[in-house]
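Structure record follows, encoded as structure tokens.
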Amino acid sequence: MPELPEVEVVRAGLERLTLGATVTEITTFHPRAVRRSEGGPEGLTAFSGRSIDSVARRGKFLWFDMDGMALNVHLGMSGQLLVSRPGVPAPDHPHLRARIDFADGTVIRFLDQRTFGYLQRSSLTEVPDDFPAGQGTTSRLIPVPVAHIARDLLDPGCDLVALSKRTRTKRTEIKRAMLDQTLVSGLGNIYCDEALYRARINPRRKTNGLSYAQLDELWHQSREVLREALLAGGTSFDSLYVNVNGSSGYFSRSLNAYGQGGKPCGRCGAIMRKIQFMNRSSTYCPICQPFASRT
DNA sequence: TATAACTCCTGAAGGC
DNA sequence: TGCCTTCAGGAGTTAT
């Protein structure tokens with residue numbers, strides 16, 4: 001599933017291959033691919049003739065800035081952006097949802113098996129540079145639909161001390177908080193399980209029952225997991241996540257928690273437990289990650 | 001206002 | 001072989 005490292009790999013590939021390119025046409029093949037876009041499929045004609053000034057990302061959201069107008073992309077669960085260079089065929093595919101053609105012959109194909117992803121036209125708005133604290137004296141431009149998304153853990157401006165304080169004000173379970181993109185962005189089910197495992201915290205522990213030391217450890221481990229996954233090119237279990245060239249990442253070989261239910265814990269040998277949580281699976285070690293606090 | 005539950009969707013996998 | 005059920009989960013919407 002595309003989480004922050006996978007989206008960053010895609011963003012970097014798009015930046016390398018499409019920066020400065022001029023859009024000639026955006027064609028959509030499935031209504032859900034543009035369900036959140038201003039003006040629907042017809043609204044995308046506004047990008048014709050515009051050039052890509054930058055390819056930016058916050059958490060799992062990425063966007064092309066084209067002369068002050070944003071083309072946002074969310075990959076959902078199974079979205080892929082495949083770039084074909086000029087002269088290289090860009091064949092149709094059963095899951096082809098949209099296609100972006102450029103003046104130099106480059107083509108971006110948006111494939112999405114489960115249709116949770118989308119393309120979206122939007123305007124940009126100013127957001128305080130230290131959002132979500134909101135005390136900043138400077139600001140930056142963010143697409144309006146992304147403005148409520150918090151900084152991600154690889155953002156140089158992400159303050160882990162402030163993040164721990166905000167986390168402590170919540171009254172919910174820690175994994176639910178980690179998945180809350182308005183608290184911190186970029187984490188999905190896979191990296192949440194990995195970070196909680198490394199920090200030895202049970203996913204159902206209450207946020208306000210964790211010490212600042214535990215939260216500090218958790219956020220540092222979360223950041224480290226994301227960095228390692230990014231270096232490995234992301235996590236791929238199947239063909240649902242690939243980079244802009246169609247290649248897979250290798251971090252799935254380094255997973256210690258996600259998908260390990262029923263297998264022995266790499267630390268203590270106890271059988272890893274898999275539970276249903278928030279309509280998704282959650283895997284943890286019942287010994288290393290006890291529900292009851294030991295402090 | 002904060003939190004929790006529901007919903008969207010497709011295809012692989014397993015059971016019968 | 002074919003049908004049915006279950007599972008996977010990001011994020012917006014709705015309910016509490």
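Each chain gets a letter, A, B and so on, in the order its sequence line appears, and its residues count up from 1.
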Remember a base hit wins even if backbone is also touched, and classify [X] as base, sugar-phosphate or nothing at under 4.0 Å, heavy atoms.
X	answer
A:R171	sugar-phosphate
A:D112	nothing
A:E173	nothing

### Message
I'd like to know if A:R198 pairs up with A:E228 as an ion pair, taking the criterion as any Lys NZ or Arg NE/NH1/NH2 lying under 4.0 Å from an Asp or Glu carboxylate oxygen.
### Response
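Yes, this pair counts.
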#### Entry: Ion pair A:E3/A:K60, N-O distance below 4.0 Å
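Not counted as a salt bridge, because no side-chain N and carboxylate O are separated by less than 4.0 Å.
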Mind calculating the distance between [atom1] ([X]) and [atom2] ([N]) to the nearest angstrom?
X	N	atom1	atom2	answer
A:R114	B:dC9	CZ	P	15 Å
A:L111	B:dT10	CG	P	15 Å
A:H74	C:dA11	NE2	C1'	7 Å
A:I174	B:dT3	CD1	C1'	15 Å
A:Q276	B:dC6	CD	P	14 Å
A:R176	B:dT3	CZ	P	10 Å
A:L187	C:dG10	CG	C1'	13 Å
A:N189	C:dC7	CG	P	15 Å

Distances under 3.5 Å between protein N/O atoms and the N/O atoms of nucleotides 12-16 of chain C, please, pair by pair.
from: C:dG12; atom 1: OP2; to: A:H148; atom 2: NE2; distance (Å): 3.4

### Query
Looking at A:T172, does any N or O in its side chain come under 4.0 Å of the phosphate oxygens OP1/OP2 on B:dA4?
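Checking B:dA4 against A:T172, a side-chain N or O does come within under 4.0 Å of OP1 or OP2.
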### Task
Return no unless some side-chain N or O of A:K274 is found under 4.0 Å from OP1 or OP2 of C:dA8.
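True: A:K274 side-chain N/O within range (under 4.0 Å) of C:dA8 OP1/OP2.
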### Task
Among A:F110, A:W63, A:F61, find the residue that satisfies the ring-ring contact (aromatic ring centres under 6.0 Å, His included) test when tested with A:H74.
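Single ring-ring contact (aromatic ring centres under 6.0 Å, His included) partner of A:H74 among A:F110, A:W63, A:F61: A:F61.
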### Task
Apply the side-chain contact (heavy atoms from CB on, under 4.5 Å) test between A:L4 and each candidate in A:D155, A:L154, A:V225; give the one that qualifies.
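Output: one option passes, namely A:L154.
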#### Entry: Non-hydrogen side-chain atoms of A:S84 and A:P89 separated by less than 4.5 Å
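Contact flag for A:S84/A:P89 side chains = no.
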### Query
Does the side chain of A:S123 reach to within under 4.5 Å of the side chain of A:M69, using non-hydrogen atoms?
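A:S123 vs A:M69: side chains apart.
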Proximity to the side chain of [X] - top-ranked nucleotide from [options]:
X	options	value
A:R32	C:dG10, B:dC9, B:dG11	B:dC9
A:N279	B:dT10, C:dG10, B:dT7	B:dT7
A:K60	B:dC9, B:dT7, C:dA11	C:dA11
A:Q181	B:dT10, B:dC9, C:dA11	C:dA11
A:E3	B:dC8, C:dA8, C:dG10	C:dG10

### Task
Please report the shortest heavy-atom distance between A:D67 and A:R50, naming the atom on each side.
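Smallest interatomic distance, heavy atoms only, reads O-NH1, 3.2 Å.
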### Query
If you find the nucleotide of DNA chain B closest to A:D180 and the one closest to A:R280, which residue's nucleotide is nearer the 5' end?
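Mapping each residue to its closest nucleotide by heavy atoms, the 5'-most match is A:D180.
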### Task
Using modelled atom types only, decide if a donor and an acceptor are shared between the side chain of A:R32 and the backbone of A:T115 within a distance under 3.5 Å.
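Yes, the answer is positive, given that a donor and an acceptor are paired below the 3.5 Å cut-off.
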